[in-house]
Amino acid sequence: MSDNPRPALYGVRYAPRLIGRPSCAPPRLVTVVGRHCEAGDVLADEVALPGDVRPGDLLAVPAAGAYHLSMASGYNLVGRPPVVAVSHGIARVLVRRESLDDMSRRDVGL
């Protein structure tokens, strides 16, 4: 919803992959959702991921879309995500994650 509104707005679905650790577990169909507990916060429905995926695992969502960052928002005061490029196994942050301090700087108070 805030990180990538394209699924909620256009019905786009992605093919997430488990990264960061190997798995030999047989695949199972799962639904990958965002962090807002909203009906439209579904990134991928019934995609095959290893059956041992657990909290704390890292999922990559390849080809998240050209407008990913420009369409992101501060919905529920959740900062916009970073933009990270990966090439030949090396990750490089291109745009840092938006912090609560970044978001509150615009507040002028009463």
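Keep in mind that the numbers below use all heavy atoms, side chains included, and drop hydrogens, waters and symmetry copies. Just so it is clear, the model here is predicted, and its values are computed rather than measured.
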Pairs where residues 78-88 contributes a residue and the test salt bridge (charged side-chain N to carboxylate O under 4.0 Å, His left out) is met, not counting sequence neighbours: Arg80-Glu98

Taking side chain to side chain donor-acceptor pair (under 3.5 Å) as the definition, give me every residue that meets it alongside Asp107, ordered by chain and number, with sequence neighbours left out. none

Can you list everything that forms a side chain to side chain contact (heavy atoms under 4.5 Å, CB included) with Ala60? Sequence neighbours excluded, please. Ile19

Taking only residues two or more places apart in sequence or in another chain, which ones pass side chain to side chain donor-acceptor pair (under 3.5 Å) with Arg106? none

As an exercise, state the distance from CZ of Arg54 to OG of Ser23, rounded to the nearest 0.5 Å. 8.5 Å

How does the hydrophobic cluster around Leu100 look, that is, which other residues are in it when side-chain heavy atoms under 4.5 Å mark a link? none

Would you mind listing every salt bridge (charged side-chain N to carboxylate O under 4.0 Å, His left out) that reaches into residues 85-97, with sequence neighbours excluded? Arg96-Asp102

Leu29: what forms a side chain to side chain contact (heavy atoms under 4.5 Å, CB included) with it, not counting sequence neighbours? Glu46, Ala48

Val30: side chain to side chain contact (heavy atoms under 4.5 Å, CB included) partners, not counting sequence neighbours: Arg28, Val32, Val47, Leu49

Taken in chain and number order and not counting sequence neighbours, the residues that satisfy side chain to side chain contact (heavy atoms under 4.5 Å, CB included) with Val42 are Arg13, Thr31, Val33, Asp45

With heavy-atom distances below 4.5 Å as the criterion, would you say the side chains of Pro82 and Val95 are in contact? no

Cluster membership besides Val86, Ile/Leu/Val/Met/Phe/Trp/Tyr side chains within less than 4.5 angstrom, sorted by chain and number, is Val84, Val93

Residue pairs fulfilling salt bridge (charged side-chain N to carboxylate O under 4.0 Å, His left out) with at least one residue in residues 14-26, sequence neighbours excluded: Arg21-Asp52, Arg21-Asp57

